[in-house]
4 protein chains.
Amino acid sequence: MSKARPPTGSRRNPRVSEAILDAAREILTERGAAGFSMEAVAQRAGAGKPTIYRWWPTRADLLMDVYEREKLVSVVPAQSDDPNDDLLRYTVNLWQFWSTHTAGQAFRGLIAEAQSSPAAMTALRDRFLPPRLSTIREMLGRILSQASAEEIDLRARLWLGFSWQALLQDQILMEEVDIGRAIAIITCPSGA
Amino acid sequence: MSKARPPTGSRRNPRVSEAILDAAREILTERGAAGFSMEAVAQRAGAGKPTIYRWWPTRADLLMDVYEREKLVSVVPAQSDDPNDDLLRYTVNLWQFWSTHTAGQAFRGLIAEAQSSPAAMTALRDRFLPPRLSTIREMLGRILSQASAEEIDLRARLWLGFSWQALLQDQILMEEVDIGRAIAIITCPSGA
Amino acid sequence: MSKARPPTGSRRNPRVSEAILDAAREILTERGAAGFSMEAVAQRAGAGKPTIYRWWPTRADLLMDVYEREKLVSVVPAQSDDPNDDLLRYTVNLWQFWSTHTAGQAFRGLIAEAQSSPAAMTALRDRFLPPRLSTIREMLGRILSQASAEEIDLRARLWLGFSWQALLQDQILMEEVDIGRAIAIITCPSGA
Amino acid sequence: MSKARPPTGSRRNPRVSEAILDAAREILTERGAAGFSMEAVAQRAGAGKPTIYRWWPTRADLLMDVYEREKLVSVVPAQSDDPNDDLLRYTVNLWQFWSTHTAGQAFRGLIAEAQSSPAAMTALRDRFLPPRLSTIREMLGRILSQASAEEIDLRARLWLGFSWQALLQDQILMEEVDIGRAIAIITCPSGA
DNA sequence: GGGTAAACGAGACGGTACGTCCAGTCTTTCA
DNA sequence: TGAAAGACTGGACGTACCGTCTCGTTTACCC
């Protein structure tokens, strides 16, 4: 599986990073989070393990990077004049993205890793999630324009949890209608 | 109707099961999900690995059993005349249970395991969660007495996801007020 | 694989011994010395391991017993008026016996066992071999009527070694002619 | 028991092989073939099991290697002008070698292993024995200069068997006189 | 334009854990 | 009371990865 690659000498070789990320992606797609090991990635990429560890010190780093690259391709928050629909579209796209691409497996692996590795937990909480939560908060803010930051944050967590429980139970195949109703609930106007 | 002859031979030794579950509990408490290995449990329990595998064929089985036994001790759904408060109490107790006992680590380990082991995923989804979701549905049903089963189920998932995201981010330390507000949101009356 | 068997309570049940020996024989035949374990025998016989250990305290005992029972069937030293031919016949029969029956595997297992178990070594040397060596000595004595006991014993060992090295190398398929020539050599008249 | 050893990186570290072979030798000497396990060798050598399996895929490989290294030290066929005496000397030396060194245990372990492992049998028959049988054939050839190859081969097997039966019965303590007489018999001139 | 430094493939290495098999012993049940 | 059978501890099996380390090779940059 090792592709012939001309060495670049003393500068970082971008082909190598590419090969490694490709390999990681392929393994996640073919064998899921279970088959994902640094060993397997190195093997498939035709790279040495130290090379991987040099650029991605932990498994979490690699998983996050794979996820990011996939993300670029598809999920982008829209900004129409119906913010409610924007959030629905975004959510539906995200679930789609998780179910049809490598990303779902990468994310599942990342969350699993975080349960046993403090470093991965930190990376997840402090690096990976914040920008994503921001996006959600921003969308929710457009819907509930008068709500406090705490209120928004709480609803963002509800949204996050709803998506996670579906992913982590391998139940991300859900009718758009149902997702819409869930969105409706977590955006319901706060009790006076 | 011929009476089946009861099998002869030694009976399962309850002290052994106890020792194994105790060891598992202690390891989860002391070292968290990361340090939890069948090997370590066997070691600490002074038991042979085959003995463990005889009664708990997979890691998930053992984790679930540890969780169950802990559960008996503490979290029980109340049934007062304020169903809204019942749900809050239950949730607060559960988070408390997760944070102060072994249970949180066991559950985190179980969810992580399910991400890479199909058997664990099946066990989680088909054996572990159903009774718990039932409890939640029942409580939600008392609050939203006119809602359809699908509606209740959806809100149960929202509740589940909210709890999971907190647990899986190691953020189960939350003000009771906030939990209350989250509960309020997922029980908000469906838009007429 | 367990055959239904009425239990007999506090008297030894001959059916059990039979079942165990049968199982041992079958396993040796089907899987060779490699697959022969007390566990497997107990399993196949539908017996408990302690039952086996009660009557055959070591693996060697069981192997020897299996060998003995097979032996009754076939190899008997003849006693014609050509003692040289008697020995040849006996040897050829023995090799045949080893190659076509369970016995070869049992014997190989016994010798192997003796290399790591002092008890098995003792049993082999002091119980199993003596009667067999006697038979050989007796036959050799008829051929070399004037040789001393030491002389006979030495040649018996040569005969024994010749057969063993063939068995232990899985090379017991040898032309009768060659066996005959080997016999001729070890019975050659001692140098004057 | 692990001795500090500088790592050598991507080239095989000879100190490691040494440590492993030393450990294997020591265990054979101290505990005999019975106590010889890959686990114990790894433990004593301060090496990981995979390291052992990398270089010696089977137990037989390791036993053979231990045997070879010992051999270098002592048993070498002489070539005087009395070929008969050469063979005697060689045999006596070999038995001595088996009885006073680690080698006897290694060889016994190897033969035992071959009875239950086809791979070990192959290694024994196709790799280990041939050079040794050649030596013997060569010596016998010098004694019986007119004998055919088949004749020599047969007598080589007699010699081999004689040595084996002594080793495998733990009876390698034999008077040199007796060994001499056995040699005399298997080198007796073939009947006209 | 020759020497140095970094990146890289390769893979050895000590470890930990896996899940399984077997040896022997202990305990319980039943005739 | 003693035979039978299942449960048990414990040790070894052979394998998969972990993360670290050291090699030797190949450029790219700097003096």
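Just so it is clear: chains get the letters A, B, ... in the order the sequence lines come, proteins before strands, and each one is counted from 1. Here the structure is a predicted model, which is why all the values come from computation and not from measurement. Basis for what follows: all heavy atoms, side chains included, without hydrogens, waters or symmetry-related copies.
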Please test B:Gln115 against A:Leu168 for side chain to side chain contact (heavy atoms under 4.5 Å, CB included), starting from the C-alpha separation and ending with a verdict. CA-CA 7 Å; B:Gln115 304 315 305; A:Leu168 297 175; 3.6 Å; yes
All N/O contacts under 3.5 Å from nucleotides 21-25 of chain E to the protein, with atom names and distances to one decimal?
residue	atom	partner	partner atom	Å
E:dA23	OP1	C:Met38	N	3.4
E:dA23	OP1	C:Arg59	NH1	3.1
E:dA23	OP1	C:Arg59	NH2	3.1
E:dA23	OP2	C:Met38	N	2.9
E:dA23	OP2	C:Glu39	N	3.0
E:dA23	N7	C:Lys49	NZ	3.0
E:dG24	OP2	C:Tyr53	OH	3.2
E:dG24	N7	C:Lys49	NZ	3.2
E:dG24	O6	C:Lys49	NZ	2.7

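A salt bridge links C:Arg127 to C:Asp61: at least one charged side-chain nitrogen sits closer than 4.0 Å to a carboxylate oxygen. Residues A:Arg25 and A:Glu30 are not paired through a salt bridge, judged by the lack of any N-O separation under 4.0 Å between the basic side chain and the carboxylate. Using a 4.0 Å cut-off between a side-chain N of Lys or Arg and a carboxylate O of Asp or Glu, C:Glu18 and C:Arg69 qualify as a salt bridge. The pair A:Asp170-A:Arg108 meets the salt-bridge criterion, since a charged nitrogen lies less than 4.0 angstrom from a carboxylate oxygen.
If you measure from atom CZ of B:Arg15 to atom C1' of F:dA7, you get 15 Å, rounded to the nearest angstrom. Rounded to a whole Å, the CZ atom of D:Arg44 is 20 Å from the C1' atom of E:dG15. Going from atom CD1 of B:Ile20 over to atom P of F:dA7 covers 13 Å, rounded to whole Å. Rounded to whole Å, atom P of F:dC18 lies 12 Å from atom CD of A:Gln43. Look at CD1 on D:Ile52: it is 12 Å from P on E:dG15, rounded to the nearest Å. Regarding B:Arg12, its CZ atom lies at a distance of 18 Å from the C1' atom of F:dA5, rounded to whole Å.
Phosphate proximity of E:dA12 to D:Arg54: present, with a side-chain N or O under 4.0 Å from OP1 or OP2. Between A:Trp55 and E:dA7, a side-chain N or O to OP1/OP2 separation shorter than 4.0 Å is absent.
For the pair C:Glu70 (side chain) and C:Ala103 (backbone), a donor-acceptor distance under 3.5 Å is absent. A distance-only check finds a donor-acceptor pair linking the side chain of B:Thr122 to the backbone of B:Pro118 [under 3.5 Å].
Of the listed nucleotides (E:dC8, F:dA4, E:dT28), F:dA4 has the atom at the smallest distance from the side chain of C:Thr51.
Residues A:Val16 and D:Gly48 each lie close to DNA chain E; by heavy-atom proximity, the contact nearer the 5' end of the strand is made by A:Val16.
For the pair A:Arg15 and A:Trp55, the cation-pi test (distance below 6.0 Å, angle within 45°) is failed.
With C:Met64 as the partner, the side chain to side chain contact (heavy atoms under 4.5 Å, CB included) test is satisfied by one option alone out of C:Thr58, C:Leu110, C:Leu124: C:Leu110.
Computed from C1' positions of five pairs at each end, the angle between the two local axes of the helix from E:dG1-F:dC31 to E:dA31-F:dT1 equals 20°, rounded to 10 degrees.
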